[in-house]
Each structure stands twice: as C-alpha cells, then as structure tokens.
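All remarks here apply to the structure that follows.
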Amino acid sequence: MSDATEDIPEVDYVEGSGIPIRGNDIDTDQIIPARFMKVVTFDGLGEFAFFDLRFDDEDNEKDHPFNEEQFQDSNVMVVNNNFGCGSSREHAPQALMRWGIDAIIGEGFAEIFAGNCLALGIPTVTADHETINALQQWVDDNPDGEIEVDVRAETVTYGDNEINVSVDCAQREALVEGNWDTTALMKANKNAIEETASQLPYLDQTRSDIEADD
C-alpha cells in the first residue's frame with residue numbers, strides 16, 4: 001500500500017507578517033459574497049475576498065486592511081470572535097487562501113469554517129480577547145513584523161512576546177501528522193479502498209444488478 005501522506009505536507013509551523021481583521025461575527029457572506037460563488041473552480045476567488053467591505057457600489061475602495069498597501073504581502077490573519085459564522089460555504093476559506101492567507105489567529109471560529117480551513121491546511125488557532133486585541137494592535141504598529149505560529153507547541157511568537165494558543169486536538173493532529181487533505185488520502189489509498197470494496201458482498205450484488213440491467 002502506498003504512503004497515505006506522501007503528497008500531503010505537514011503544517012506544524014507558519015510564519016509571516018500579520019493582517020488584522022476586527023469585528024465579531026464576520027460571516028462567510030462578508031468573506032465572499034454569494035454572487036462571486038458562481039464559478040466552476042475556486043481560481044481567482046482571492047480578489048473578491050471581503051469585496052463588499054472593501055468597495056462601495058461604484059467599486060471605490062473603502063477603508064479595509066485588505067486594501068492597505070502595508071498588508072498586501074501578509075499571510076497571517078488576526079480576527080476576533082465567531083469568525084466564519086453563517087453559511088457553510090467552502091468558498092470563504094478558499095478565497096482567503098487564494099488571497100494569500102496561510103494561518104488565522106482569533107478569539108473563536110465557527111466550527112464548519114474551521115473544518116473547511118483544515119481541509120486546505122490552514123490552521124485556525126485561538127486565544128482570549130485581550131491577547132487577540134494586543135496582537136492586532138501590534139500588527140497595526142508593525143505591519144512588517146514577523147509572526148510565528150507553532151501548531152505543534154500551540155504558541156504564537158511576535159516581537160518579544162510568546163503567547164499560548166489553543167488548537168483543536170483533531171486539527172492539530174491532522175496538521176502535524178500531514179493527514180489534513182482527505183482527498184489526497186483517498187487517492188493515496190486507492191488500492192486499499194478498492195481491495196476493501198471488492199470484499200463487500202452488497203457491492204458485488206449492486207454490480208451484478210447493474211450488469212443485469214445493461
């Protein structure tokens with residue numbers, strides 16, 4: 001049997017500069033408005049991330065961190081509570097990833113959103129309100145400052161500070177062990193899946209019924 005994780009990188013550490021997105025209950029419709037979901041693939045979604053928060057009805061820029069020059073190369077987003085709530089659309093983390101986000105630090109995440117992030121190898125780590133506020137302010141003051149997210153150790157380091165964060169146990173295990181991409185896992189284990197399927201009598205019966213109908 002092939003190695004299930006041969007094509008899946010471990011995500012135990014992310015580093016880069018930060019971008020602060022303030023506000024509780026930022027839902028997936030704010031992250032990627034529904035009208036941009038009429039696509040065959042996710043390619044190009046990044047430019048539409050937070051679109052209605054970034055532009056007015058005449059496409060003039062509004063005040064938003066994703067429009068600010070100092071944050072254009074940022075890859076670690078710092079958010080507040082209940083981020084990613086609302087509908088379960090996977091387009092939301094897809095848009096953020098394609099904009100350039102590799103990890104998200106926040107007070108709390110909607111469960112389905114966090115799961116969709118995990119499927120892309122994007123850690124979602126949490127800390128308390130005061131800690132997140134302090135980090136967001138530091139990012140504002142140090143837009144080029146380095147943030148280190150250690151998923152394995154459950155710490156975030158920035159400036160002279162090291163803070164403890166929480167990572168869901170299942171997420172942490174999947175990221176650290178390289179088991180987060182379920183599609184790649186199934187492809188890597190194709191032979192084992194086919195072997196198991198061949199031993200299931202009800203699948204054999206289904207095949208026989210289909211062949212008989214043909």
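Just so we're clear, the structure is a prediction, and the values are computed from it rather than from any experiment. Basis for what follows: all heavy atoms, side chains included, without hydrogens, waters or symmetry-related copies.
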Residues in side chain to side chain contact (heavy atoms under 4.5 Å, CB included) contact with [X], at least two apart in sequence or another chain:
X	value
D57	none
Q136	P20, R22, V78, N80, I132, N133
D141	Q137
S17	S74

What distance do [X] atom [atom1] and [Y] atom [atom2] have between them, rounded to the nearest 0.5 Å?
X	Y	atom1	atom2	result
N82	F109	CG	CZ	10.5 Å
I8	E10	CD1	CD	10.5 Å
Q70	N142	CD	CG	11.5 Å
Q94	M37	CD	CE	11.0 Å
N67	N60	CG	CG	11.0 Å
E68	I19	CD	CD1	7.5 Å

- request: Test V79 against I26 for side-chain contact (heavy atoms from CB on, under 4.5 Å), laying out the working first.
  value: CA-CA 9 Å; V79 303; I26 294 177; over 6 Å; no
field: Pairwise side-chain hydrogen bond (donor to acceptor under 3.5 Å, both in side chains) hits with a residue in residues 155-166, at least two apart
entry: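 Checked against side-chain hydrogen bond (donor to acceptor under 3.5 Å, both in side chains) - neighbours excluded - no pair reaches residues 155-166.
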message: Going by salt bridge (charged side-chain N to carboxylate O under 4.0 Å, His left out), name the residues that satisfy it together with D73, two or more places apart in sequence or in a different chain.
response: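 Partners of D73 under the salt bridge (charged side-chain N to carboxylate O under 4.0 Å, His left out) test: none.
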- prompt: Can you name the salt bridge (charged side-chain N to carboxylate O under 4.0 Å, His left out) partners of D52, sequence neighbours left out?
  reply: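 Partners of D52 by the salt bridge (charged side-chain N to carboxylate O under 4.0 Å, His left out) criterion, ordered by chain and then number, come out as R35.
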Within the structure provided, determine whether [X] and [Y] are in side-chain contact (heavy-atom separation under 4.5 Å).
X	Y	value
V125	E154	no
D168	L118	no
V165	T126	no

[X] versus [Y], closest heavy-atom pair with distance:
X	Y	value
V14	P123	CG2-CG, 4.2 Å
G121	V11	O-CG1, 3.6 Å
K62	L53	CE-O, 3.5 Å
L96	A49	CD2-CB, 4.5 Å
P9	W180	O-NE1, 2.8 Å
Q30	D27	N-OD1, 2.9 Å

message: Working note: W138 + I147, criterion side-chain contact (heavy atoms from CB on, under 4.5 Å); need CA distance, chi angles, decisive distance, verdict.
response: CA-CA 10 Å; W138 183 86; I147 300 175; 3.9 Å; yes
message: For residues 78-94, which residue pairs pass the salt bridge (Lys or Arg N to Asp or Glu O under 4.0 Å) check, not counting sequence neighbours?
response: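 Output for this query lists D29-R89.
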- prompt: Got a sec, which pairs hit salt bridge (Lys or Arg N to Asp or Glu O under 4.0 Å) with one end in residues 92-114, sequence neighbours left out?
  reply: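 Of all non-adjacent pairs touching residues 92-114, those that pass salt bridge (Lys or Arg N to Asp or Glu O under 4.0 Å) are D43-R98.
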- request: Check ring pair (Phe, Tyr, Trp, His ring centres under 6.0 Å) between Y13 and all other residues, then give those that pass, not counting sequence neighbours.
  value: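 Result, ring pair (Phe, Tyr, Trp, His ring centres under 6.0 Å) vs Y13: none returned.
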query: Going through the checks in order, is the side chain to side chain donor-acceptor pair (under 3.5 Å) test met by N24 and N81?
result: CA-CA 5 Å; N24 295 327; N81 198 32; 5.2 Å; no
task: For atom CG of L120, decide whether the heavy atoms of other residues, nucleotides or ligands shown that lie under 6.0 angstrom number more than 12.
output: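 Result for CG/L120: enclosed.
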D63 atom CG: more than 12 heavy-atom contacts under 6.0 Å: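 No, because the 6.0 Å sphere around CG of D63 holds 12 heavy atoms or fewer from other groups.
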- request: With side-chain contact (heavy atoms from CB on, under 4.5 Å) as the test, would you mind laying out the steps for I105 and V76 before giving the verdict?
  value: CA-CA 7 Å; I105 308 167; V76 179; 3.7 Å; yes
- prompt: Is it true that I112 and I31 fall in one hydrophobic cluster, defined by side-chain heavy atoms closer than 4.5 Å?
  reply: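 Shared cluster, no.
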message: Can a donor-acceptor pair be found, under 3.5 Å and without considering hydrogens, that links the side chain of N116 to the backbone of A92?
response: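 Not confirmed, N116 side chain does not pair with A92 backbone.
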message: Restricting to side-chain hydrogen bond (donor to acceptor under 3.5 Å, both in side chains), what partner residues turn up for E146, sequence neighbours left out?
response: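 With neighbours one apart ignored, the set is empty.
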task: Quick one: which residue pairs count as a ring pair (Phe, Tyr, Trp, His ring centres under 6.0 Å) with a foot in residues 61-93, not counting sequence neighbours?
output: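 As it turns out, the ring pair (Phe, Tyr, Trp, His ring centres under 6.0 Å) pairs with a partner in residues 61-93, which skip direct neighbours, are F42-H91, F50-H64, F50-F66, H64-F66, F66-W99, F83-F113.
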